[in-house]
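Can you read through this structure? Questions will come right after.
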Amino acid sequence: MWLAKYSIDSSDSIALRAAIQNSLESAGVMLSDVALAVSGGPDSAMLAVECAVLANMCGVKPNIFHVHHGLQDSADTWQSKVHDLAHILGVSCHSIKVNVASTAGIGIEAAARKARYEAISNLADQLNIKHIILAHHRDDQAETVLLRLLRGSGPSGLSAMAPIIERDGINYLRPWLNVSRLSIMQQMQAFIMATGWSPVYDPTNYDQKYTRSAVRELLAPALDRRWPSWQSILARHAEHAAQTTEILLEVGNEDFSKLDPDPSGLSFSLQKWRGLSRARQAHVLRFWFDRHGLRAPTHARLNNLMRQMRTLHALGHDRHMQVKHDGAVVKCHRGRVSLELK
């Protein structure tokens with residue numbers, strides 16, 4: 001059996017399993033009730049391996065989910081590799097094929113990610129699974145923070161990936177956000193030596209035409225040379241940003257409740273909004289849009305909206321204010337600012 005040859009007592013293996021256990025305990029879920037998202041790459045493969053070690057200790061068998069994107073000529077090989085891994089580990093593997101040829105103007109990376117989540121959700125529904133474990137690690141988190149900094153994201157964006165999120169009724173756990181990729185790769189070598197199975201490597205991870213790959217191939221080496229601990233620093237920054245986001249959410253909720261909102265939360269008092277400081281005027285508008293599932297406005301669009309709201313008649317009788325944003329329209333009538341959703 002593979003477990004007899006695999007080094008489960010190494011410091012890396014113990015740390016990887018401890019992080020998984022802590023994540024499961026925080027979510028209040030058992031390993032038997034989760035599925036593991038496995039692409040066949042070294043990170044997700046090690047997730048499957050360490051979860052299999054835990055499962056063997058507990059006498060349970062988690063499921064592996066694999067999404068066949070069809071974007072690479074070797075996609076069929078990846079699927080076979082994942083099923084081979086599941087066979088070695090003695091766990092069930094469920095695959096689903098998706099089509100991401102149509103990107104709907106969002107880019108191939110985003111389209112593939114969207115298709116992946118939809119496919120995983122479909123598999124989870126079929127098996128009545130509510131928790132999925134993902135293999136994102138500290139290096140992924142640092143890259144995400146860096147990308148969002150370059151895109152001008154605010155505190156909520158800089159919080160990057162959360163340890164647990166809910167999406168379409170499924171809870172996604174990320175136990176390894178404080179684990180380095182080096183630790184994962186070192187343990188993967190031990191698994192390769194024990195079983196002969198080897199992970200797949202996605203060539204797009206090294207193709208600089210993709211934004212994240214460009215960061216990984218061009219910026220990361222320079223940062224490694226000048227600031228060797230940059231991943232840890234940015235991952236810690238993400239935690240601080242997440243705490244800041246929680247505080248801002250509380251402030252936004254408190255401020256909005258004082259604006260005399262209607263029961264639906266689609267309108268509020270212009271006069272009371274004007275009573276806030278400029279910074280809180282801007283923040284409560286972002287909070288309002290987010291509450292109704294709209295994207296945060298750009299800096300320029302938000303400033304334009306606020307300028308119009310400040311120059312309206314004191315009672316808001318100017319019916320000509322119509323600011324479009326993310327498919328919705330912001331209007332003002334009789335002193336009430338309202339959001340018209342499409």
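All residue numbers refer to positions in the sequence shown, counting from 1.
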Where H66 and V38 come nearest, the two heavy atoms and their spacing = ND1-O, 2.9 Å
Sub-4.5 Å side-chain heavy-atom contact between I20 and L54 = yes
Might you point out which heavy atoms bring S159 and Q141 nearest each other, and give the distance in Å?
->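 Heavy atoms only, the tightest pair is O-NE2, 4.0 Å.
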Plane angle bin for Y6 and F191 - parallel if under 30°, tilted between 30 and 60°, otherwise perpendicular =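 The rings of F191 and Y6 stand perpendicular, inter-plane angle above 60°.
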Name of the residue among M321, E340, Q322 meeting side-chain contact (heavy atoms from CB on, under 4.5 Å) with V330 |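 Passing option: M321.
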Could you state the interatomic distance from CH2 (W230) to CD1 (I233), rounded to the nearest 0.5 Å?
->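 If we round to the nearest 0.5 Å, W230:CH2 and I233:CD1 are 10.5 Å apart.
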About how many Å separate CG of L36 and CG of L173, when rounded to the nearest 0.5 Å?
->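 Between atom CG of L173 and atom CG of L36 there are 10.0 Å.
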Stepwise, does the side chain to side chain contact (heavy atoms under 4.5 Å, CB included) test hold for C332 with L270?
-> CA-CA 8 Å; C332 188; L270 174 65; 4.0 Å; yes
Check whether more than 12 heavy atoms from other residues, nucleotides or ligands sit under 6.0 Å from atom CZ of R295, and answer yes or no.
->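 Counting neighbours around CZ of R295, 12 or fewer heavy atoms of other residues, nucleotides or ligands fall under 6.0 Å, so no.
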When you measure from the side chain of S13 to the backbone N and O of D9, does any donor-acceptor pair fall under 3.5 Å?
->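 Side chain of S13 to backbone of D9, a donor-acceptor pair under 3.5 Å: no, none is there.
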Any side-chain heavy atom of L31 within less than 4.5 Å of one from C51?
-> yes
Applying salt bridge (Lys or Arg N to Asp or Glu O under 4.0 Å), run through R212 and D140 and close with a yes or a no.
-> CA-CA 10 Å; R212 185 176 288 271; D140 293 326; 5.1 Å; no
For Q187 and S7, indicate whether the former's side chain and the latter's backbone hold a donor-acceptor pair under 3.5 Å.
->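 Yes, the answer is positive, given that a donor and an acceptor are paired below the 3.5 Å cut-off.
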Let me see the working for R274 and Q281 under side chain to side chain donor-acceptor pair (under 3.5 Å), right down to the final yes or no.
-> CA-CA 7 Å; R274 285 174 170 171; Q281 285 176 348; over 6 Å; no
Does the pair W288 and V337 meet the rule for a side chain to side chain contact (heavy atoms under 4.5 Å, CB included), with working shown?
-> CA-CA 11 Å; W288 187 45; V337 180; 4.0 Å; yes
Report, as yes or no, whether the 6.0 Å neighbourhood of atom CE on M185 holds more than 12 heavy atoms from other residues, nucleotides or ligands.
->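 It does: M185 CE has more than 12 such atoms within range.
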Can you find a heavy atom in the side chain of V329 that is under 4.5 Å from one in the side chain of V323?
-> no
Does any N or O in the side chain of H137 come within less than 3.5 Å of the main-chain N or O of D139, such that one atom is a donor and the other an acceptor?
-> yes
For I88, does its backbone N or O pair with a side-chain atom of W2 as donor and acceptor, under 3.5 Å?
->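 Side chain of W2 to backbone of I88, a donor-acceptor pair under 3.5 Å: yes, one is there.
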Taking all atoms of both residues into account, what is the closest heavy-atom pair of N178 and R138, and its distance?
->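 Where N178 meets R138 most closely, the heavy atoms are C-CB, 4.1 Å.
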From E50 CD over to L89 CG, what is the distance, rounded to the nearest 0.5 angstrom?
-> 10.0 Å
Counting only N and O atoms by type, is there a donor-acceptor contact under 3.5 Å from the side chain of S44 to the main-chain atoms of S39?
-> yes
What do the steps show when you test H237 against L158 for side chain to side chain contact (heavy atoms under 4.5 Å, CB included), and what is the final call?
-> CA-CA 8 Å; H237 179 75; L158 296 181; 3.8 Å; yes
Quick one: do V49 and M193 end up in the same hydrophobic cluster if we chain Ile, Leu, Val, Met, Phe, Trp and Tyr together by side-chain heavy atoms under 4.5 Å apart?
->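 Per the 4.5 Å side-chain linkage, V49 and M193 are not co-clustered.
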Could you verify whether a donor N or O on one side chain and an acceptor N or O on the other, from D262 and S264, lie under 3.5 Å apart?
-> yes
Ignoring hydrogens and angles, tell me if any N or O in the side chain of W176 forms a donor-acceptor pair with the backbone of L16 under 3.5 Å.
->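 Present.
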Mind checking whether W197 and I8 sit in one hydrophobic cluster, side chains of I, L, V, M, F, W, Y counted as touching below 4.5 Å?
->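 Both belong to a single hydrophobic cluster.
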For the pair K81 (side chain) and S198 (backbone), establish whether a donor and an acceptor sit closer than 3.5 Å, ignoring hydrogens and angles.
->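 At least one qualifying donor-acceptor pair exists.
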How long is the span from the CZ atom in R307 to the CG atom in L312, to the nearest 0.5 Å?
->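 If I round to the nearest 0.5 Å, the distance is 10.0 Å.
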Find out whether S92 and K61 are in side-chain contact, i.e. whether some heavy atom of one side chain is under 4.5 Å from a heavy atom of the other.
-> no
Group every Ile, Leu, Val, Met, Phe, Trp and Tyr by side-chain heavy-atom contacts under 4.5 Å, then state whether V200 and I96 land in the same group.
-> no
Salt bridge check: are R181 and D43 linked by an N-O gap of less than 4.0 Å?
->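 Looking at D43 together with R181, the answer is yes, because their closest N to O distance falls below 4.0 Å.
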Which heavy atom of P42 sits nearest a heavy atom of P199, and at what distance?
-> N-CB, 3.6 Å
Are the side chains of Y172 and I133 in touch, meaning some heavy atoms are under 4.5 Å apart?
-> no
When rounded to the nearest 0.5 angstrom, what is the spacing between CZ in R278 and CE in M306?
->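 Rounded to the nearest 0.5 Å, the CZ-CE separation comes out at 7.0 Å.
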Just do the side chain to side chain contact (heavy atoms under 4.5 Å, CB included) check on N253 and E250 with the steps written out, would you?
-> CA-CA 5 Å; N253 190 58; E250 292 175 7; 5.8 Å; no
Is there side-chain contact between D326 and F289, with heavy atoms separated by less than 4.5 Å?
-> no
Would you say the side-chain atoms of N171 pair up with the backbone N or O of H131, donor to acceptor, closer than 3.5 Å?
-> no
Are F65 and W78 in one and the same hydrophobic cluster, where Ile, Leu, Val, Met, Phe, Trp and Tyr link if side-chain heavy atoms are under 4.5 Å apart?
->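 No; W78 is not reachable from F65 via cluster members.
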Under a 4.5 Å cut-off applied to non-hydrogen side-chain atoms, are I170 and Y117 in contact?
->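 Of all side-chain heavy-atom pairs linking Y117 with I170, none is under 4.5 Å.
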Closest contact, heavy atoms only, A160 versus T144 =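 Shortest heavy-atom contact: CB-CG2, 3.8 Å.
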Distance-minimising heavy-atom pair for A282 and L302 |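 Scanning both residues, the minimum pair turns out to be CB-CD2, 4.0 Å.
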Which is it for R336 and S269 under the side chain to side chain donor-acceptor pair (under 3.5 Å) test, yes or no, and what are the steps along the way?
-> CA-CA 5 Å; R336 302 284 299 179; S269 165; 5.3 Å; no
M57 and L3, any side-chain heavy atoms less than 4.5 Å apart |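 They are not in side-chain contact.
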Does L134 belong to the same Ile/Leu/Val/Met/Phe/Trp/Tyr cluster as V179, with side-chain heavy atoms less than 4.5 Å apart forming each link?
-> no
R301 and N304: side chain to side chain donor-acceptor pair (under 3.5 Å), yes or no, with the steps?
-> CA-CA 5 Å; R301 180 166 295 182; N304 174 56; over 6 Å; no
Check: R116 side chain, H68 main-chain N or O, donor-acceptor pair, under 3.5 Å | no
If you round to the nearest 0.5 Å, how far is CZ of R216 from CG of L146?
->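 Output value for this atom pair is 11.5 Å.
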When you check the side-chain N and O atoms of H83 and S95, is any donor under 3.5 Å from an acceptor?
-> yes
With H94, which of I64, I120, I129, L123 fulfils side-chain contact (heavy atoms from CB on, under 4.5 Å)?
->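 Single side-chain contact (heavy atoms from CB on, under 4.5 Å) partner of H94 among I64, I120, I129, L123: L123.
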H87 side chain to V82 backbone, donor-acceptor under 3.5 Å | no
